[in-house]
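Notes follow once the structure below has been shown.
Note that this is a predicted model, so its numbers are computed, not measured. Side chains included, hydrogens not; waters and symmetry mates left out as well; all remaining heavy atoms used.
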Number of protein chains: 2
Amino acid sequence: MFSIGELSRRTGVKVPTIRYYEQSGLMEQPERSAGNQRRYSVAALERLSFIRHARALGLSIDDIGELVELAADPERPCGEAHAIASAHLSAVRARIAKLRKLERELKRIVGLSDAGCLGECSVIHSLADHRYCASEH
Amino acid sequence: MFSIGELSRRTGVKVPTIRYYEQSGLMEQPERSAGNQRRYSVAALERLSFIRHARALGLSIDDIGELVELAADPERPCGEAHAIASAHLSAVRARIAKLRKLERELKRIVGLSDAGCLGECSVIHSLADHRYCASEH
DNA sequence: TCTTGAACCTCTAGCCGCTAGAGGTTGTAG
DNA sequence: CTACAACCTCTAGCGGCTAGAGGTTCAAGA
């Protein structure tokens with residue numbers, strides 16, 4: 001049985017965040033001590049590790065909620081879990097693609113400015129008018 | 001003189017967003033009609049285009065606020081504007097690097113699951129235990 | 001056994017960048 | 001002159017926490 005602080009130390013998830021996960025239904029309500037303090041089992045520790053890892057991979061609270069449910073039900077987990085993970089993979093790839101475009105554009109804008117500050121500022125100039133952009137965004 | 005709706009149409013920024021920008025100090029308070037409706041000048045149109053473009057590049061409201069001020073003051077814009085843009089470029093690059101790690105990890109997890117669903121679900125299995133991860137996150 | 005004081009409790013509000021809705025007023029075309 | 005779209009202000013909500021107020025409990029040392 002761990003206190004919330006000990007659970008926090010062991011998982012690296014901050015105390016208020018653990019309470020937030022409980023409030024949003026991601027963590028089960030734990031037992032309480034005589035004085036109303038939370039007392040966690042090893043199972044709760046494992047669940048929180050799972051959540052933390054999935055969050056680190058960028059999955060939403062909702063997605064993780066689904067995965068937690070699937071994990072608890074060995075009858076039908078695999079296909080649905082796979083779908084959630086691969087949908088997320090697509091989303092991550094889309095975000096990478098978009099950020100790469102931004103990177104190119106910013107590089108161009110910053111590079112112009114490096115080339116010499118004659119007259120007006122080219123950073124501000126580039127930002128002011130989309131027509132000077134190399135690509136869409 | 002444009003109404004807020006016309007400004008919205010011309011810039012592609014939604015009406016409530018324009019009001020939000022005004023409230024947060026990014027757009028100046030415009031003139032008003034006799035009946036208290038906003039009336040925008042061409043200068044306001046240009047400013048909003050600037051803001052929209054900078055937002056599309058992912059700059060924060062605060063950063064854009066600074067840039068707008070710099071743009072209005074031709075005495076000292078270039079170096080500071082450059083600093084803001086290149087700091088943002090670094091941030092974008094860092095985000096790309098992080099997302100690429102996630103992509104690799106997710107690909108691995110999803111790939112495992114594709115390889116065959118024997119016994120337990122490997123997606124859930126991989127999420128449950130960080131030790132199976134190829135890299136840090 | 002008593003006393004600290006760190007850790008815990010609940011509740012509320014704030015962060016960013018919008019978005020949505022209620023409930024009321026104005027502008028404009030027919 | 002009427003109808004109705006567009007406008008107005010105000011408040012609240014989204015996700016995923018984070019911070020603070022104000023009060024209680026636990027555990028170690030004297």
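Put simply, CZ on A/Arg52 is 17 Å from P on D/dG16, counting in whole angstrom units. Between A/Ile61 atom CD1 and D/dG13 atom P there is a gap of 19 Å when expressed in whole angstrom units. Put simply, OH on B/Tyr40 is 11 Å from C1' on D/dC7, counting in whole angstrom units. When the C1' atom of D/dC17 is taken as reference, atom CD of A/Gln23 falls 11 Å away, rounded to whole Å. Residue A/Met1 contributes atom CE, which lies 21 Å from atom P of C/dA7 at whole-angstrom precision. Taking atom CG of B/Asp63 as the reference point, atom P of C/dC16 lies 12 Å away to the nearest angstrom. The separation between A/Phe2 atom CZ and D/dC26 atom P is 18 Å, rounded to whole Å. One can place OH of B/Tyr20 at 17 Å from P of D/dT9, the figure rounded to the nearest angstrom.
Checking C/dG17, C/dG27, D/dG16 against every side-chain atom of A/Arg55, the shortest atom distance belongs to D/dG16. Counting only heavy atoms from C-beta on, A/Ser33 has its side chain closest to D/dC26 among D/dT18, D/dC26, D/dC8. In this structure, the nucleotide among C/dC18, C/dG17, C/dC8 sitting nearest to the side chain of A/Val15 is C/dC8. Closest contact between the side chain of B/Arg32 and the listed nucleotides C/dC8, D/dG16, D/dC8 involves D/dC8. Side chain of B/Pro16, nearest nucleotide from D/dC7, C/dT19, C/dG17: C/dT19.
Summary of the strand contacts: A/Lys14 and B/Asn36 both lie near DNA chain D, and taking for each the nucleotide with the nearest heavy atom, the more 5' one is attributed to B/Asn36. Taking for each of B/Ala34 and A/Arg38 the nucleotide of DNA chain C with the nearest heavy atom, the 5'-most of the two is the partner of A/Arg38. Nearer to the 5' terminus of DNA chain C, by closest-nucleotide assignment, is the contact made by B/Leu59 (compared with the other of B/Gln37 and B/Leu59).
Note on A/Arg9: nothing from the nucleic acid sits closer than 4.0 angstrom, heavy atoms only. Among the atoms of the strands shown, only primed sugar atoms or phosphate atoms (P, OP1, OP2) are found under 4.0 Å from some heavy atom of A/Ser3. Contacts of B/Arg19 with the nucleic acid, taken as non-hydrogen atoms under 4.0 Å apart, include base atoms.
Atom CD1 in B/Ile18 sits 5.0 Å away from atom CG in B/Leu48 (nearest 0.5 Å). The line from CD1 of B/Ile109 to CD1 of B/Ile124 is 11.5 Å long, rounded to the nearest 0.5 Å. Here B/Leu89 contributes atom CG and B/His82 contributes atom NE2; the two are 9.0 Å apart, rounded to the nearest 0.5 Å.
Surrounding CD of B/Glu28 are at most 12 heavy atoms belonging to other residues, nucleotides or ligands under 6.0 Å away.
Residue B/Thr17 places at least one side-chain N or O under 4.0 Å from the OP1 or OP2 atom of C/dT19. Under 4.0 angstrom from either OP1 or OP2 of C/dC18 there lies at least one side-chain N or O belonging to B/Tyr21.
Between B/Arg38 and B/Glu22 there is a salt bridge, since at least one side-chain N of the basic residue sits less than 4.0 Å from a carboxylate O of the acidic one. We find that A/Glu103 and A/Arg100 are not joined by a salt bridge, their nearest charged nitrogen and carboxylate oxygen being 4.0 Å or further apart.
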